[in-house]
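Just follow the structure's listing: the first ligand is 1, and inside any ligand the first atom is 1. All values derive from a computational prediction rather than experimental measurement.
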Amino acid sequence: MSGLSDSFQRPVDYLRISVTDRCNMRCVYCMPPEGVPILPRIDILTYEEIRDVVEAAAELGISKVRLSGGEPLLRSGIVDLVRSLAAIRGIDDLSSTTNGMLLYDLAADLKSAGLKRVNVSLDSLREDRFRSITRCGDLNLVLRGIEVAKTVGLTPVKINVVAMRGVNDDEIEDFALKTVRDGWHVRFIELMPFAIGHTKADEFIGVPEIRKRIEVLGPLEPAKIIKGNGPAKYFRLPGASGTVGFISPVTEHFCFGCNRLRLTADGKLRPCLLSDSEIDLRPALRSGDRAQVRRVIREAVACKPRQHELVKGRIPRRAMRQIGG
Ligand code: SAM
Ligand code: SF4
């Protein structure tokens, strides 16, 4: 295994897979209230096809895989998919990003099947607000899911918070305090503009401002990166066993360290989350020729842009739920 690297010499060892574009929530920044047309089933990669992609990717040096969506835990048979991917030689970190609604039921089985850890998206600690942001989420169910995930060892559980001015920014301090009181690992993510979903420019809050507001609680000391593959920078408040992380795709892009490739639910390799170019992997996959699959993966890695296109004012056309976030 020689390892993959792109044309800017960035090693690429991480594949994020959208296993479905369906979701049991309708978060305001991700979907319109009525939902969006879902992809026809025939277009969605089967589990066998996803396993073939991951096997080919592992042969090229991919060692970390994250299952996302849509809501990955909503796809039936997800535990079987996890089991089959966890068994692939070379995949040493298999994780998932979830809205947490089905974690309470599935965490133990996912852990036994070989999932290592989960990130849970949670934008409010207040029941009524959580429901209005997600339109159909149940905060208590998600909180119980987080606890079960910790108990069964899907750790570290990281909590992803998209901070939005006038929507949930008055909870920034509450989330930060959870790192002290309950040992949570909380990561604040800047709101990104997508063509689908309503992302209002005036709701955007940059990481520098979020950080300043947390520093009122105490100085933030740099913390060792907790297990992960991503662009977050981690800190600790005094006395906290948990960490505060910041992800700033807009105010301080981290493209220079980008190590990832994305696979959409309908089988397109996407070299960059925030740039629209994609390469269709399905013809190679459906030809049954593994060498072809590897060739297309290499091609997608070679196409990774130096940096994303938000900087040029271009907003991605595809929704996060199709790309996998
Ligand atoms: N349904 C799962 C969930 O919500 O965790 C996985 C898919 S979701 C698309 C992945 C992540 O993308 C979530 O943490 C969500 O908050 C984030 N996300 C979606 N739209 C976003 C946007 N416009 N800006 C920033 N983050 C966004
Ligand atoms: Fe669903 Fe995740 Fe999008 Fe929310 S952010 S609507 S949970 S895919």
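At a 4.0 Å heavy-atom cut-off, ligand 1 touches Glu190 through the backbone alone. For Val162, every heavy-atom contact with ligand 1 shorter than 4.0 Å involves the side chain, none the backbone. Only backbone heavy atoms of Thr98 (N, CA, C or O) come within less than 4.0 Å of ligand 1; its side chain stays farther off.
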Return a table of donor-acceptor pairs under 3.5 angstrom between the side chains of residues 208-215 and protein atoms on other chains or two or more places apart.
{"from": "Glu209", "atom 1": "OE1", "to": "Arg165", "atom 2": "NH2", "distance (Å)": "2.9"}
{"from": "Glu209", "atom 1": "OE2", "to": "Arg165", "atom 2": "NH1", "distance (Å)": "3.0"}
{"from": "Glu209", "atom 1": "OE2", "to": "Arg213", "atom 2": "NH1", "distance (Å)": "3.2"}
{"from": "Arg211", "atom 1": "NE", "to": "Glu215", "atom 2": "OE2", "distance (Å)": "3.2"}
{"from": "Arg211", "atom 1": "NH2", "to": "Glu215", "atom 2": "OE2", "distance (Å)": "3.4"}
{"from": "Arg213", "atom 1": "NH1", "to": "Asp169", "atom 2": "OD2", "distance (Å)": "3.4"}
{"from": "Arg213", "atom 1": "NH2", "to": "Asp169", "atom 2": "O", "distance (Å)": "2.9"}
{"from": "Arg213", "atom 1": "NH2", "to": "Asp169", "atom 2": "OD2", "distance (Å)": "3.4"}

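Taking each of Cys23, Gly69, Ser68, Ser121 in turn, the one with a heavy atom nearest to atom 5 (O) of ligand 1 proves to be Ser121.
Glu71 and Asn99 are linked by a side-chain donor-acceptor pair at a separation below 3.5 angstrom, with hydrogens and angles left out of the test.
Ion pairing of Asp170 with Arg126 is present here, as a side-chain N (NZ or NE/NH1/NH2) and a carboxylate O approach within less than 4.0 Å. Under the 4.0 Å criterion applied to side-chain N and carboxylate O atoms, Arg66 and Asp93 are not assigned as salt-bridge partners. Between Arg270 and Glu278 there is a salt bridge, with a side-chain nitrogen of the basic residue lying less than 4.0 Å from a carboxylate oxygen of the acidic one.
Remark: Arg286 CZ is packed, more than 12 non-hydrogen atoms of other residues, nucleotides or ligands lying under 6.0 Å away.
Ligand 1 is approached by Gly70 to a heavy-atom distance shorter than 4.0 Å. Under a 4.0 angstrom heavy-atom cut-off, Gly70 registers as being in contact with ligand 2.
Less than 6.0 angstrom separates the ring centroid of Phe235 from the ring centroid of Phe246.
Geometrically, ligand 1 and Glu71 share a nitrogen or oxygen pair separated by less than 3.5 Å.
Listed by first then second residue, pairs satisfying salt bridge (charged side-chain N to carboxylate O under 4.0 Å, His left out) with a partner in residues 73-86 read Asp80-Arg83, not counting sequence neighbours.
Metal site remark for atom 4 (Fe) of ligand 2: Cys27 contributes an N, O or S atom at a distance under 2.8 Å. Atom 3 (Fe) of ligand 2 has Cys30 among its coordinating residues (N/O/S atom, backbone or side chain, under 2.8 Å).
For ligand 1, the atoms sitting less than 4.0 Å from at least one non-hydrogen atom of Met192 are 22 (C), 23 (N), 24 (N), 25 (C), 26 (N), numbered in the order shown with element in parentheses. Residue contact check: Cys23 has heavy atoms under 4.0 Å from atoms 1 (Fe), 6 (S), 7 (S), 8 (S) of ligand 2.
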